[in-house]
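Report on the structure given below.
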Amino acid sequence: MNYIVIDIEWNQCAKGKEYGLAELPFEIIEIGAVKLNEELKRVDTFSSLIKPQHYKQLHNMIDMLVHIDEEQLQREGKPFVEVMESFLNWCGDDYMFVTWADRDLDIIQSNLEFYEMDTLGEGPVNFYDMQKLFSIDKEDGKERRSLQSAIEMLNISKVADFHRALSDAEYTAKIMQTIDFAKVKEYFSINTYNPPSEDGEEIHVVFPTYYKYISKCKPERQMLMTDVKVTHSYCYLCNKEMKVLEDWFVCNNRQYRALYYCEEHGLIKGRIKIRHTHDGNYYAIKVLKQTTKEDASKIFTRKNKTF
C-alpha cells in the first residue's frame, strides 16, 4: 500500500459567503501530492493548477496566503474533472490519504460531488491526519500546530514557500518520515463526508486510548439522542455495562457529555457530537475514554455551568 500525502489550495467567493454557491463554498484551485511507499520512501509527485469556473476573483484572504495570481490560474489551470481523473489514476489501486489537519478531504469530496464525479467512497473514508499524529508523537495529543510551526520544531529545512499545494504536501511527507510513525499509525482518522446510512454500517473503532462510534444518518437531530445505539454505553475495554454517574447532558447545541464507572476499568467519560451532512441529515460521533477523578470532576462543573 502507498501513502498519498495530499494538499489542496482553494478559493471562495470574493464578495462573501452569502454570495457564494451553497453547494460549492470552496473551489479547489490547486492540488499537490507526494506518493510514499510502505517504507515511507518518496516514489513520485503530482501537481496541477485548476482553472476556477465559479470564483475567478481571489478572495482577499486567499490572495494574501497563496502564491498564485488570477492570471496564472486562467493561463495554466486545467479543468477540475480532467485534473481529478488524472490524479485518481495516479494514486493507483491501493493507497491511503495523508493530510495536514482534517478539512481537505471534505473539500475534495464536495468539489467531486459538485462536478457529478464519484466521491472517494460510498461511506466514511479512513485517512491519516498528520497534524494529529505529530501531536500524539511529539506533544500531548491535544495541541494542534500549524504545518510551518511543526516544520520549525523538527528543524526541517524550509526550501519552498508554504501555502502552495505541492510544497505543503512535501513538508507533510517529511514530517511523516520524521516522526515515529509505527508508534502512532493505529490512530487513523475517519472522514465522514459520507457517513453511514444503513443499519449495520455504523463505525465502531477501539483505538489504543479511546473508542469511537459513528452512527447512521437520521433526518432529525433530536432522533439521535433517543437512539439507544447512540446513548447506551458499554465499557469499550471489557464490553460490560457501566454504571451511569452522569447521564448525557448538553454542553452546547452540538455536544453532549456523560460520565460512567466500570468496575474493572474505573471512570469512563463520554462525548457525543451531532453533525449535519451536506444533504441535510444528521449523525452522531461518540467517543469514550478512561479518565481520572480530577478530570471527571470537571464534567460535573461543566454541567452546573450549563444549567
Side-chain angles (χ1 to χ4, degrees), residues 96 102 123-129 131-144 179-192 195-196 198-218 221-252 254-275 282-307:
M96 193 164 181
D102 59 1
V125 175
N126 294 344
F127 72 105
Y128 283 117
D129 175 356
Q131 185 187 51
K132 178 179 78 174
L133 299 191
F134 172 84
S135 181
I136 294 172
D137 183 48
K138 300 295 183 185
E139 300 182 292
D140 60 0
K142 298 178 182 179
E143 179 79 16
R144 294 294 184 265
I179 67 171
D180 187 350
F181 183 61
K183 166 187 166 186
V184 299
K185 68 183 299 183
E186 292 183 68
Y187 290 96
F188 61 87
S189 294
I190 305 170
N191 176 266
T192 51
E198 303 290 341
D199 286 326
E201 295 180 355
E202 298 96 337
I203 304 296
H204 301 265
V205 183
V206 179
F207 293 99
T209 55
Y210 65 95
Y211 160 83
K212 177 174 280 190
Y213 166 78
I214 303 174
S215 77
K216 73 172 186 178
C217 291
K218 292 184 180 293
R221 61 180 304 152
Q222 296 89 337
M223 298 172 67
L224 290 165
M225 296 308 294
T226 59
D227 185 343
V228 294
K229 287 185 179 180
V230 176
T231 59
H232 197 78
S233 293
Y234 293 86
C235 177
Y236 65 96
L237 296 168
C238 64
N239 206 35
K240 294 179 182 177
E241 191 163 2
M242 300 183 291
K243 179 181 179 180
V244 179
L245 298 181
E246 192 61 65
D247 208 356
W248 296 104
F249 65 94
V250 182
C251 282
N252 53 49
R254 291 196 307 168
Q255 190 172 129
Y256 298 79
R257 299 276 181 167
L259 184 65
Y260 299 93
Y261 180 77
C262 171
E263 291 184 357
E264 184 175 348
H265 296 101
L267 293 167
I268 305 286
K269 63 181 179 180
R271 184 188 72 219
I272 292 175
K273 290 183 178 180
I274 306 298
R275 293 185 175 176
Y282 298 87
Y283 65 101
I285 299 178
K286 177 170 67 178
V287 173
L288 299 176
K289 187 175 183 179
Q290 284 183 291
T291 191
T292 63
K293 288 183 179 181
E294 181 183 5
D295 196 30
S297 68
K298 296 177 183 178
I299 294 176
F300 291 101
T301 302
R302 189 169 291 167
K303 181 177 181 180
N304 292 333
K305 286 183 178 180
T306 300
F307 294 100

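Hydrogens, waters and symmetry mates play no part in the numbers below; they use all other heavy atoms, side chains included.
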Just checking [X]: does its [atom1] atom have more than 12 heavy atoms from other residues, nucleotides or ligands closer to it than 6.0 angstrom?
X	atom1	value
Glu263	CD	no
Glu143	CD	yes
Glu294	CD	no

Out of curiosity, [X] [atom1] to [Y] [atom2], how far, rounded to the nearest 0.5 Å?
X	Y	atom1	atom2	value
Gln131	Asp102	CD	CG	7.5 Å
Leu288	Tyr213	CG	OH	11.5 Å
Phe127	Met96	CZ	CE	8.5 Å
Lys138	Ile179	NZ	CD1	7.5 Å
Ile268	Tyr211	CD1	OH	12.5 Å
Ile272	Ser215	CD1	OG	9.0 Å

Taking all non-hydrogen atoms of both residues into account, name the closest pair between [X] and [Y] and its distance.
X	Y	answer
Lys132	Ser189	NZ-OG, 2.9 Å
Ala284	Ile274	CB-CD1, 3.9 Å
Cys262	Cys238	SG-SG, 3.7 Å
Ile203	Val205	CG2-CG2, 3.6 Å
Tyr128	Lys185	OH-O, 2.7 Å
Tyr187	Ile136	CG-CD1, 3.7 Å

List the steps, then state whether side-chain hydrogen bond (donor to acceptor under 3.5 Å, both in side chains) holds for Tyr236 with His204.
-> CA-CA 10 Å; Tyr236 65 96; His204 301 265; over 6 Å; no
How would you list all residue pairs meeting salt bridge (charged side-chain N to carboxylate O under 4.0 Å, His left out) that involve residues 202-217, not counting sequence neighbours?
->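 Matches after skipping sequence neighbours: Asp199-Lys216, Glu202-Lys229.
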Steps toward side-chain contact (heavy atoms from CB on, under 4.5 Å) verdict (Glu139, Phe134) = CA-CA 7 Å; Glu139 300 182 292; Phe134 172 84; 3.7 Å; yes
Does the pair Trp248 and Ser233 meet the rule for a side-chain contact (heavy atoms from CB on, under 4.5 Å), with working shown?
-> CA-CA 11 Å; Trp248 296 104; Ser233 293; 4.0 Å; yes
Is Leu237 close to Glu264 at the side-chain level, that is, under 4.5 Å between some pair of heavy atoms?
->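 Answer no - side chains too far apart.
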Does any non-hydrogen side-chain atom of Tyr260 lie less than 4.5 Å from one of Val244?
->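 Side-chain contact under 4.5 Å: yes.
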Mark yes or no for whether [X], through its side chain, and [Y], through its backbone, hold a donor-acceptor pair below 3.5 Å.
X	Y	answer
Gln290	His265	yes
Lys286	Val230	yes
Arg221	Lys218	no

Which residues pass the side chain to side chain donor-acceptor pair (under 3.5 Å) test with Asp295, sequence neighbours left out?
->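 Side chain to side chain donor-acceptor pair (under 3.5 Å) check on Asp295 returns Lys269, Thr291.
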Residues two or more places apart in sequence or in another chain: which of them pass side chain to side chain donor-acceptor pair (under 3.5 Å) with Arg257?
->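 Arg257 satisfies side chain to side chain donor-acceptor pair (under 3.5 Å) with Gln255 once adjacent residues are dropped.
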Between Thr231 and Tyr256: side-chain donor-acceptor atoms closer than 3.5 Å =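 Absent: no donor and acceptor within the cut-off.
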Ring center gap for Phe188 and Phe207 short of 6.0 angstrom |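 Yes - the distance between ring centres of Phe188 and Phe207 falls below the 6.0 Å cut-off.
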